[in-house]
Structure formats: C-alpha cells, structure tokens
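Throughout, residue positions are numbered sequentially from 1 according to the sequence presented.
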Amino acid sequence: MTEVLMSVLVLAGALLTLISAIGLHRFADVFARVHAAGKAAPLGGAMVFTATAIELGDPGHGAKLLLALLLLGLTFPSGMHLVVRSAYRTGTERRPDMDVDELADAVERGEAGATDPGRDPGV
C-alpha cells in the first residue's frame, strides 16, 4: 500500500514540476512565469520529499527532509517575490492586457521606495 502511495506522490510531484517548467517556457512575461514557477514547483518538490520520507522510514531522515521542505517553503516564495519586484522596478515589459497593477499607487506615493531602478536599494 505504501508503494502505491509513494508512486502516486512521486508521479504527482513530477507532473507538477513538469507543468511548472511548461509554464516557464510558455507564459508571456516574467510575472506570469514566476506565477507558474512559484506555485507548482514547490508543491511538486513537497510531494517528492514526502514520498522520499515515506520510503526511507527513518525518523532522522524524515526530520531532515521536513527541514528541507520548510526551507523550500520559506525561501521559494521570497525568492519569487524578489524576482517580480526587481522586474517591476527595472521596467520589464508588461503585457498590454495586464489589468491589475497593485504596486503602482504605492510607487507613486513613494511608499514602495524610489522609482529609479538605479537608486533603489530595496530591490
């Protein structure tokens, strides 16, 4: 029974990682690409880590995998956020049909830091 569960987790993780890779290749701009990478890839990694922890069966190895999973969950969204913020600040081309720009008002008011990418220490 556990072999079936591990197989399903590994296949689902691999499928999510593949979907993420396809999204990175197919989506039009950096904002959409980061969305694809930021959602599916960590979830796929979590599924593979879980299957590995089940396979190993040792609580010590399971704790290490849990720590790796926690670090992945903490660092991946932060990294994606910095990539998007940097792309926004450097004036990366946005799709013309992009309707929502939640950061524009904050940039205009000066709350989100300098608008000049060369002077912005917050990027």
Side-chain angles (χ1 to χ4, degrees):
M1 182 65 182
T2 57
E3 292 173 356
V4 173
L5 176 65
M6 289 182 320
S7 299
V8 168
L9 285 172
V10 168
L11 286 175
L15 181 64
L16 283 173
T17 306
L18 176 66
I19 289 170
S20 176
I22 291 170
L24 281 172
H25 180 68
R26 298 283 300 173
F27 284 159
D29 60 0
V30 68
F31 305 105
R33 289 180 185 147
V34 165
H35 183 76
K39 303 286 183 193
L43 185 59
M47 289 181 163
V48 171
F49 283 179
T50 303
T52 304
I54 292 170
E55 170 64 22
L56 293 175
D58 181 24
H61 293 303
K64 290 176 188 174
L65 286 168
L66 181 63
L67 178 63
L69 184 61
L70 288 174
L71 290 174
L72 179 71
L74 289 174
T75 58
F76 212 86
S78 301
M80 292 295 106
H81 175 77
L82 290 176
V83 167
V84 168
R85 192 172 175 95
S86 176
Y88 185 88
R89 296 300 180 104
T90 56
T92 299
E93 185 75 24
R94 288 179 235 156
R95 291 187 334 238
D97 61 340
M98 186 174 172
D99 295 333
V100 179
D101 187 359
E102 294 179 352
L103 193 56
D105 292 336
V107 169
E108 280 186 25
R109 291 189 307 261
E111 295 172 357
T115 56
D116 183 5
R119 295 183 300 132
D120 188 7
V123 172

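- Residues Tyr88 and Val34 are members of one and the same hydrophobic cluster, defined by side-chain heavy-atom contacts under 4.5 angstrom among Ile, Leu, Val, Met, Phe, Trp and Tyr.
- Residue Ser20 holds its OG atom at 13.5 Å from NE2 of His25, rounded to the nearest 0.5 Å.
- Of all non-hydrogen atoms in His61 and Leu56, the two that sit nearest each other are CB-CD1, 3.6 Å.
- Phe49 and Leu15 fall into different hydrophobic clusters, where Ile, Leu, Val, Met, Phe, Trp and Tyr are joined by side-chain heavy atoms under 4.5 Å apart, directly or via other members.
- Put simply, Leu43 and Met6 are part of the same group of oily side chains (I, L, V, M, F, W, Y) that touch within less than 4.5 Å, one to the next.
- Looking at every heavy atom in both residues, Phe76 comes nearest to Gly38 through CE2-CA, 3.9 Å.
- Interatomic distance, CG of Leu74 versus CG of Leu70, reported as 6.5 Å (0.5 Å rounding).
- Closest heavy-atom contact between Ala37 and Met80: CB-SD, 4.2 Å.
- Across every non-hydrogen atom of Phe27 and Ala32, the tightest pair is CD1-O, 3.2 Å.
- Taken together through direct or relayed side-chain contacts under 4.5 Å among Ile, Leu, Val, Met, Phe, Trp and Tyr, Val83 and Phe31 form part of one hydrophobic cluster.
- Using a 4.5 Å cut-off on side-chain heavy atoms (C-beta onward), Thr17 and Val48 make no contact.
- Taking NZ of Lys64 as the reference point, atom OG1 of Thr52 lies at 14.0 Å (rounded to 0.5 Å).
- Leu65 CG to Leu72 CG: the interatomic distance, rounded to the nearest 0.5 Å, is 11.5 Å.
- Interatomic distance, CD of Glu55 versus CD of Glu3, reported as 7.5 Å (0.5 Å rounding).
- In this structure, Ser86 contributes its side chain and Leu82 its backbone to no donor-acceptor pair below 3.5 Å.
- In this structure, CE on Met47 lies 11.0 Å from CG on Leu11, to the nearest 0.5 angstrom.
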